[in-house]
Amino acid sequence: MRQRALPVDGVALICALGACARLGDTNLVPQMHVGVVKLGFSGHTKVCNAVMDGYVKCGLVGEARRVFEEIEEPSVVSWTVVLEGVVKWEGNQKEKDTVFDCGFGFGLNNVTLCSVLSACSQSGDLSVGRWVHCYAVKAVGWDLGVMVGTSLVDMYAKCGRIMTALMVFRHMPRRNVVAWNAMLSGLAMHGMGKLVVDMFGCMVEEVKPDAVTFMALLSACSHSGLVEQGWQYFHDLQSVYGVRPEIEHYACTVDLLGRAGRLEEAEVLVRKMPIPPNEVVLGSLLGASYAHGKLRLGEKIMRELIQMDPLNTEYHILLSNMYALCGKVDQANSLRKVLKNRGIRKVPGMSSIYVDGQLHKFIAGDKSHPRTADIYMKLDDIICKLRLAGYVPNTNCQVLFGCSNGDDCMEALEEAEQVLFTHSEKLALCFGLMSTTPGSSLCIFKNLRICQDCHSAIKIASGIYKREIVVRDRYRFHSFKHGSCSCSDYW
DNA sequence: GTAGGGTTAG
């Protein structure tokens, strides 16, 4: 059947849908879908593809699949969008298999491969990523081209397989600046700063570094404590490499100095910036003040941050924790009350783990998993073993909230410990340990930054259970092995 | 203005 010719309004509609998709707005996209139906475009390939893309971008993969079902003649683009959505958002292995069997039978091109691999990177789906890699090699041969090669490097790095990423990169016959950037960023995320610095030396022989390269370099130095090296790169950015420093480079450098405890220099840099500092730059400085217990500086930065972003929860919680650590319980409590009164809620922490291709998600205190009883039994056992090996729950931040006497405090302490033990990372770890073969490695994903207590608990667990445990948090990777972490506790 | 694609801090 021939597709009906697209009137001018149809073109406008596709443009508008594209804009909505880029916004990823969960209200706007369904509204636009209603409009599409009213205008009589149901089942039209290009319009539906644009609608599906919108749904995928805002996480509504079920809706996207329903739209897909109505397309009269799905094209390779339709399949690409639906595959991307399923890989990015569908946790159920059987559902994924069904779509894959049909989709990859349809034929694919480099765009499909890149798109699906990028979805794997985001959801951390190594098994689909590997499958796509094999498929591509069978279909195209060993030289997959620079774009697919780069997608593979990024996928392996973000799925926790940094050595595989390196291997793929080293076998690429052609590499441009984007490929190099993907490799260096991956290494930076894994805390392999020394290697990033060494490889940068090779990179400049091959291609000209750009603004993204320096983001990777600065963050690598920051995460590995290579302060002098990073500071040098920041200075050479413009003068040696002709790259104009952007606000992100400043944010990274502030982080580099701040993490290392050089807060005065970090603040001088912020005040002397040619561009007004944004909340990212100030947020870095606040984080560093917290890490190094500089309460006065923290308060000052907080005042500026509240002006810029009054609804942000992370900053409030950071400062509140800082008060608690300094023993200023009243101030800590009143700051928490501000959040509560304004109805501002913290983004809930969530951890997930793939077991046999199936995604299992946990939130703190979760009891919704079908194997909850087993999980909590195993959790008690793990905590016991951890304690014997020297684990001390780190209740610094919560303990003192709202208690007025010694008894209250003891009770609060026990409660605080219980809250810590059921953090989402620990539940995911526990489920991973009980449902995989002894000795195999585990990869856990967390939507926020890993907490201090879970970091020390997982370090000890990696030793006791003789497992490599990789945790990808919001910012970077932690690879726990033999009782220590690849970040050397510098994060 | 015409559907899908690789690298970017905290």
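In the text below, chain A, chain B and the rest are named by the order of the sequence lines, each starting its count at 1. What you see below is based on every heavy atom in this structure, not just the backbone, and it leaves out hydrogens, waters and symmetry mates.
- At whole-Å resolution of the value, NZ in K88(A) and P in dG4(B) are 12 Å apart.
- Annotation: cation-pi geometry satisfied between R175(A) and F169(A) (NZ/CZ under 6.0 angstrom from ring centroid, within 45° of ring axis).
- Using a 4.0 Å heavy-atom criterion, one finds that V146(A) contacts the bases of the nucleic acid, with or without backbone contacts as well.
- Across all strands, S75(A) comes closer than 4.0 Å to base atoms (heavy-atom distances).
- Nucleotide dA9(B) holds its P atom 15 Å from the CG atom of N278(A), rounded to whole Å.
- No contact: S121(A) has no heavy atom under 4.0 Å from any strand.
- Residue H44(A) contributes atom NE2, which lies 10 Å from atom C1' of dA3(B) at whole-angstrom precision.
- The listed nucleotides are dG4(B), dG10(B), dG6(B); the one nearest the side chain of V111(A) is dG4(B).
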How does DNA chain B look in dot-bracket notation if pairs are Watson-Crick or G-U with both distances under 3.5 Å, crossing ones as [ ], other-strand ones as |?
-> ..........

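- Distance from the side chain of V212(A) is smallest to dT7(B) among dA3(B), dT7(B), dG6(B).
- Under the ring pair (Phe, Tyr, Trp, His ring centres under 6.0 Å) rule, Y241(A) has a single partner from F234(A), F214(A), Y233(A), which is F214(A).
- Aromatic pair Y135(A)/F100(A): centroids not less than 6.0 angstrom apart.
- The I14(A) side chain lies nearest to dA3(B) when the options are dA3(B), dG4(B), dT7(B).
- Put simply, CD on E248(A) is 13 Å from P on dT8(B), counting in whole angstrom units.
- The closest side-chain donor-acceptor pair between D154(A) and S151(A), if any, does not fall under 3.5 angstrom.
- When the nucleotides dT7(B), dG5(B), dG10(B) are ranked by their closest atom to the side chain of D255(A), dG10(B) comes out on top.
- Among the heavy atoms of the strands lying under 4.0 Å from V81(A) are primed sugar atoms or P, OP1, OP2 only; no base atom is included.
- Of the candidate nucleotides dT8(B), dA3(B), dG6(B), dG6(B) has the atom lying nearest to any side-chain atom of V178(A).
- Closest to the side chain of T45(A), out of dG4(B), dA3(B), dT7(B), is dA3(B).
- S118(A) and S121(A) share no donor-acceptor pair across their side chains, judged by distance under 3.5 Å alone.
- At distances below 3.5 Å, at least one donor-acceptor pair connects side-chain atoms of R472(A) with backbone N or O atoms of K158(A).
- In the set dG1(B), dG10(B), dG6(B), the nucleotide with an atom closest to the side chain of S284(A) is dG10(B).
- With respect to the salt-bridge test (charged N to carboxylate O, under 4.0 angstrom), the residues R66(A) and E63(A) qualify.
- You'll find that the side chain of D53(A) is closest to dG4(B), out of dA9(B), dG4(B), dG10(B).
- Distance CG (L187(A)) to P (dT8(B)): 12 Å, rounded to an integer number of Å.
- Closest to the side chain of A12(A), out of dG1(B), dG6(B), dT8(B), is dG1(B).
- Taking side-chain N and O atoms only, K158(A) has no distance below 4.0 Å to OP1 or OP2 of dG6(B).
- Remark: H223(A) is in phosphate contact with dG10(B), judged by side-chain N or O atoms under 4.0 Å from OP1 or OP2.
- Nucleotide dG10(B) holds its P atom 11 Å from the NE2 atom of H478(A), rounded to whole Å.
- Look at S115(A) and you won't find any side-chain N or O under 4.0 angstrom from OP1 or OP2 of dG4(B).
- A salt bridge is defined here as a Lys NZ or Arg NE, NH1 or NH2 lying under 4.0 Å from an Asp or Glu carboxylate O, and K294(A) with E267(A) fails to meet this definition.
- At the heavy-atom level, N109(A) lies under 4.0 Å from base atoms of the strands shown.
- A donor-acceptor contact under 3.5 Å is formed by the side chain of T80(A) with the base of dG4(B).
- For dG5(B), one of the phosphate oxygens OP1 or OP2 lies less than 4.0 angstrom from a side-chain nitrogen or oxygen of K57(A).
- For Y475(A), taking side-chain heavy atoms from C-beta onward, the closest of the listed nucleotides dT7(B), dG10(B), dG6(B) is dG10(B).
- Distance CG (L117(A)) to P (dG6(B)): 10 Å, rounded to an integer number of Å.
- Residue R259(A) is in sugar-phosphate contact alone, with no base atom involved, counting any heavy-atom pair closer than 4.0 Å across all strands shown.
- Following rounding to the nearest Å, L237(A) (CG) and dA9(B) (C1') show an atom-to-atom distance of 13 Å.
- Side chains of D236(A) and Q232(A): a donor on one and an acceptor on the other come within 3.5 Å.
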